[in-house]
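A short worksheet on the structure shown next.
Since this is a predicted model, take the numbers as computed values, not measurements. Every heavy atom of this structure was used, including side-chain atoms; hydrogens, water molecules and symmetry mates were not. Order of the sequence lines sets the chain letters (A, B, ...), proteins ahead of strands, with each chain counted from 1.
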Amino acid sequence: GENVEQHPSTLSVQEGDSAVIKCTYSDSASNYFPWYKQELGKRPQLIIDIRSNVGEKKDQRIAVTLNKTAKHFSLHITETQPEDSAVYFCAAPLTGKLIFGQGTTLQVKP
Amino acid sequence: SAVISQKPSRDICQRGTSLTIQCQVDSQVTMMFWYRQQPGQSLTLIATANQGSEATYESGFVIDKFPISRPNLTFSTLTVSNMSPEDSSIYLCSVGTGAVYQETQYFGPGTRLLVL
């Protein structure tokens, strides 16, 4: 069925460490994979996205990798900072809509 | 990206009443989307609103409860009708700005609704 699984649900790292969040999707036809960051009380904000014709995309400290064969994609945050603390959502398209993962609460401890 | 505003930003309503939420975009967009986000939860799509046609509702959401208007390419409204405490949630509109309309979505600031 329509499903995007996201893990872990919570992640706590020390400032400066790396954080990795992984999502798996069910529809092999999916070809666009965004990541959103939602700070407390704020709107979800698109931070990076990747299309199925590339395996990796980087933007400063964040990167997304895609494995189409295994149907999973991951968000990598390097040199984490306290301002990276937020809820992160992955998503994948299915029949004209985005299906969102359940979210990962990232806590970066100073 | 698009600049999206929503009104009201929050409201407290009595059960049995209705609330209309407005979503305004600073540019013309083909598709607008309405989501619900319950506290601590993910985003659930309510419906997709296309200008000039009826909205397409997701499973579990019906037009009588959540009527949607899309009078032009920059504006949409969502009404939450005959509210109950279970409707307490954050309601978000979004717009798709990619070549494929559901892609590259940007969200409005949300409307926090509390039903007593």
Side-chain angles (χ1 to χ4, degrees), chain A residues 1-10 21 23-25 27 29-54 57 59 64 66 73 75 85-107, chain B residues 1-7 9-10 21 23-25 30-50 53-61 68 89-114:
Chain A
E2 306 171 354
N3 207 15
V4 177
E5 296 282 342
Q6 184 172 344
H7 298 281
S9 57
T10 61
I21 305 169
C23 286
T24 59
Y25 58 97
D27 185 5
S30 295
N31 58 4
Y32 170 74
F33 307 94
W35 285 92
Y36 287 84
K37 175 184 180 182
Q38 187 174 31
E39 296 175 76
L40 191 62
K42 302 283 184 64
R43 75 186 81 188
Q45 187 177 18
L46 179 65
I47 56 171
I48 195 167
D49 56 14
I50 191 169
R51 297 187 183 279
S52 59
N53 57 344
V54 297
K57 183 177 178 180
D59 183 2
V64 56
L66 171 64
F73 57 108
L75 178 70
S85 296
V87 180
Y88 292 81
F89 294 98
C90 64
L94 181 68
T95 58
K97 61 190 179 187
L98 281 183
I99 305 296
F100 285 82
Q102 292 308 300
T104 297
T105 300
L106 173 64
Q107 181 187 30
Chain B
S1 65
V3 176
I4 307 166
S5 60
Q6 277 185 242
K7 286 195 288 189
S9 58
R10 59 179 66 233
I21 302 167
C23 180
Q24 180 77 52
V25 191
T30 303
M31 287 295 188
M32 297 177 77
F33 304 88
W34 287 98
Y35 290 84
R36 183 172 72 184
Q37 186 176 31
Q38 296 181 308
Q41 301 295 311
S42 185
L43 299 146
T44 301
L45 183 64
I46 298 171
T48 301
N50 189 8
S53 63
E54 284 202 5
T56 303
Y57 289 83
E58 297 302 308
S59 176
F61 299 96
I68 286 171
S89 190
I90 299 172
Y91 293 85
L92 296 139
C93 67
S94 78
V95 302
T97 62
V100 181
Y101 60 77
Q102 73 270 27
E103 298 181 358
T104 323
Q105 286 189 32
Y106 294 96
F107 285 86
T111 296
R112 293 177 176 272
L113 171 62
L114 177 64

### A:Pro44, part contacting chain B, at a heavy-atom distance under 4.5 Å
both
#### Entry: Separation between CD1 of A:Ile99 and CG of B:Leu43, rounded to the nearest 0.5 Å
11.0 Å
### Message
For chain A, which candidate among B:Gly108, B:Ser94, B:Gly110 shows the most heavy-atom pairs at distances under 4.5 Å?
### Response
B:Gly108
### Task
Sort B:Leu45 into side chain, backbone, both or neither according to what part of it lies under 4.5 angstrom from a heavy atom of chain A.
side chain
### Task
Go through the atoms of A:Gln38 and report whether side chain, backbone, both or neither lie under 4.5 Å from a heavy atom of chain B.
side chain
### Query
Do side-chain atoms of B:Ser42 reach the backbone of A:Gly101 as a donor and acceptor pair under 3.5 angstrom?
yes
## Note on the structure
Interface check, chain A: of B:Tyr106, B:Tyr35, B:Phe107, most non-hydrogen pairs under 4.5 Å belong to B:Phe107
### Task
Go through the steps for A:Phe89 and B:Gln37 under the test side chain to side chain contact (heavy atoms under 4.5 Å, CB included), then give the verdict.
CA-CA 12 Å; A:Phe89 294 98; B:Gln37 186 176 31; 3.7 Å; yes
### Query
Of all heavy-atom pairs between B:Thr104 and A:Tyr36, which one has the smallest distance, and what is that distance?
C-OH, 4.5 Å
### Query
So, for B:Ile4 and A:Arg43, which heavy atoms are closest and what is the spacing to 0.1 Å?
O-NH1, 3.5 Å
### Query
Which is it for B:Glu103 and A:Asn31 under the side chain to side chain contact (heavy atoms under 4.5 Å, CB included) test, yes or no, and what are the steps along the way?
CA-CA 10 Å; B:Glu103 298 181 358; A:Asn31 58 4; 3.7 Å; yes
